[in-house]
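For reference, the structure is listed below as structure tokens.
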Amino acid sequence: MRKNFQVAVLIPCYNEEKTIEKVIKDFYRVLPEATIYVCDNNSNDKTAELSKKNGAIVLKEPKQGKGYAFLKLLQEVNSDIYLLVDGDDTYPAEYAHKMIEALVDHKLDMVVGDRISNGTYQKENDRAFHSFGNNLVKNLINHLFNSNLNDILSGYRVFSKSFVHNYTTLVKGFELETDLTLFALNYAVGIKEIQVDYKNRPEGSYSKLNTYRDGLKIIILFFNLYRFYKPLAFFGYLSLFLLLLSLFIGAMPIYEYLQYGYVYKVPSAILATGLTLSALLFFCCGLILDSILKIDRKNIKRKMYHAR
């Protein structure tokens, strides 16, 4: 890795006193030239104290959620390269150099630590249905965005300055990784996955993730972001559904008019007409939003190019 690049290690944290010391020491050992920032997200243990003790710069974010903590770090930290990692000691620091080198050498905007491809996540993870949830989100995103990513939800990532300066989000919690991935896919930035080992949390350290609650949040977020990033497809499918429904409901009134010259099922005819108009309205909304999105993509790409 080139020595003239500034590297910032970003660690959003909530109650990680069992692991944060080791995480900081590991990354300082592997990246002695880096500056480590810990964003304490309302911890009620010794996370902030231990972080300072081990040489990290500690920031505070009162709004609860990993998304808020990450945005706080992006707002306060200025660097050439940003490395995001969890404070739970599940991602080995030894892969940091490889990920940073891939970002620099290939002029990418995001490198993702892929836990899935080498099987270590499935082997080490002991939380029920997490692998199922990962696969579900991965398949949905790859299908709808025509991508081929293996680990959509990895919390181990490296970003370029241009990516960080243009990224914004409204997500609050653990939906952050999904949002980062969809943002990158939408704006067609350079993405590469690097296989990394994954290890389960050490004994005494507990995950803040709730399999069902946070899984549902990620699924809902995906469909919301699909509406934002693929408006023509989203509203087009909705328009097609309403149009088919209107044809089904309106078939009998049309038949009555052709057969008898009179419509007896007037309510059905009114409903079918309303559905047809709604279908046209949704399709027009999709066209307008898609045009706006194309202009936005051009502007973001231009900004990212000049930020390099």
Side-chain angles (χ1 to χ4, degrees), residues 10 12 65-71 73-74 82-86 99 103 108-117 121 130-194 209 213-238 285-286 289-304 307:
L10 312 180
K66 186 177 181 180
Y68 289 131
F70 182 62
L71 279 183
L73 288 162
L74 296 191
Y82 299 77
L83 186 149
L84 172 68
V85 69
D86 292 338
M99 293 172 67
L103 186 90
L108 303 170
D109 289 296
M110 184 166 70
V111 174
V112 181
D114 172 15
R115 313 158 293 171
I116 306 298
S117 296
Y121 183 77
H130 275 225
S131 293
F132 171 79
N134 279 345
N135 286 329
L136 176 62
V137 174
K138 177 188 74 173
N139 291 333
L140 280 171
I141 289 177
N142 282 335
H143 175 70
L144 294 174
F145 286 83
N146 195 29
S147 56
N148 190 31
L149 299 175
N150 296 306
D151 196 349
I152 304 293
L153 302 178
S154 173
Y156 198 8
R157 298 172 186 245
V158 175
F159 310 101
S160 67
K161 177 185 284 190
S162 61
F163 183 94
V164 166
H165 284 186
N166 288 281
Y167 175 73
T168 185
T169 181
L170 296 176
V171 303
K172 302 175 182 179
F174 287 98
E175 313 99 306
L176 173 66
E177 287 81 5
T178 306
D179 187 60
L180 285 166
T181 301
L182 291 179
F183 182 90
L185 291 174
N186 178 62
Y187 294 107
V189 304
I191 310 173
K192 182 178 178 64
E193 291 182 314
I194 298 291
L209 273 171
R213 182 193 64 218
D214 291 303
L216 180 61
K217 285 181 180 178
I218 290 171
I219 296 297
I220 293 172
L221 172 74
F222 165 76
F223 283 106
N224 278 331
L225 293 178
Y226 182 63
R227 174 166 55 93
F228 296 148
Y229 292 145
K230 296 281 188 178
L232 185 56
F234 180 87
F235 287 103
Y237 286 132
L238 185 57
C285 286
L289 292 172
D290 187 64
S291 298
I292 294 172
L293 184 65
K294 286 178 179 177
I295 296 172
D296 179 58
R297 284 194 185 114
K298 289 181 180 178
N299 290 334
I300 291 292
K301 291 291 284 185
R302 188 182 301 113
K303 289 179 181 178
M304 293 184 76

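Quick note: residue numbers are just sequence positions, from 1.
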Point to revise | Working for side chain to side chain contact (heavy atoms under 4.5 Å, CB included), residues Arg157 and Thr181 | key: CA-CA 10 Å; Arg157 298 172 186 245; Thr181 301; 3.2 Å; yes

Calculate, to the nearest 0.5 Å, the distance between atoms [atom1] and [atom2] belonging to [X] and [Y] respectively.
| X | Y | atom1 | atom2 | result |
| --- | --- | --- | --- | --- |
| Tyr187 | Met110 | OH | CE | 13.5 Å |
| Glu175 | Leu153 | CD | CG | 11.0 Å |
| Leu103 | Lys192 | CG | NZ | 11.5 Å |
| Ile194 | Arg115 | CD1 | CZ | 15.5 Å |
| Leu232 | Lys294 | CG | NZ | 7.5 Å |
| Leu176 | Tyr68 | CG | OH | 12.5 Å |

Using every non-hydrogen atom in the two residues, find where [X] and [Y] come nearest and quote the distance to one decimal.
| X | Y | value |
| --- | --- | --- |
| Asn142 | Ser147 | OD1-OG, 2.7 Å |
| Phe235 | Gly286 | CB-CA, 3.9 Å |
| Phe183 | Asn166 | CZ-O, 3.4 Å |
| Ser160 | Tyr82 | O-CD1, 4.3 Å |
| Asp114 | Glu193 | CB-CB, 4.0 Å |
| Ala233 | Tyr226 | CB-OH, 3.3 Å |

Practice item. Carefully, step by step, assess Ile152 and Leu140 under the rule side chain to side chain contact (heavy atoms under 4.5 Å, CB included). Key: CA-CA 10 Å; Ile152 304 293; Leu140 280 171; over 6 Å; no

Practice item. Using atom types as modelled and distance alone, determine if a side-chain donor or acceptor of Asp290 lies under 3.5 Å from a backbone N or O of Pro231. Key: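 No.
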
**Study point:** Flag, side chain of Ser154 to backbone of Gly113, donor-acceptor distance under 3.5 Å
**Key:** yes

Point to revise | Positive for side-chain contact (heavy atoms from CB on, under 4.5 Å) with Phe159, one of Val111, Leu83, Leu180 | key: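 Testing Phe159 for a side-chain contact (heavy atoms from CB on, under 4.5 Å) against Val111, Leu83, Leu180 leaves exactly one candidate, Leu180.
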
Side chains of [X] and [Y]: does their closest heavy-atom pair fall under 4.5 Å?
| X | Y | answer |
| --- | --- | --- |
| Leu185 | Ile191 | yes |
| Arg227 | Asn224 | yes |
| Asn150 | Val112 | no |

**Study point:** Test: Glu177 and Lys66 ion pair at under 4.0 Å
**Key:**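 Answer for the salt bridge query: yes.
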
Review point. Does a donor on one side chain and an acceptor on the other come within less than 3.5 Å for Asp151 and Tyr156?
Key: no

Point to revise | Crowding at CZ, Phe228 (>12 non-hydrogen neighbours, <6.0 Å) | key: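 Result for CZ/Phe228: enclosed.
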
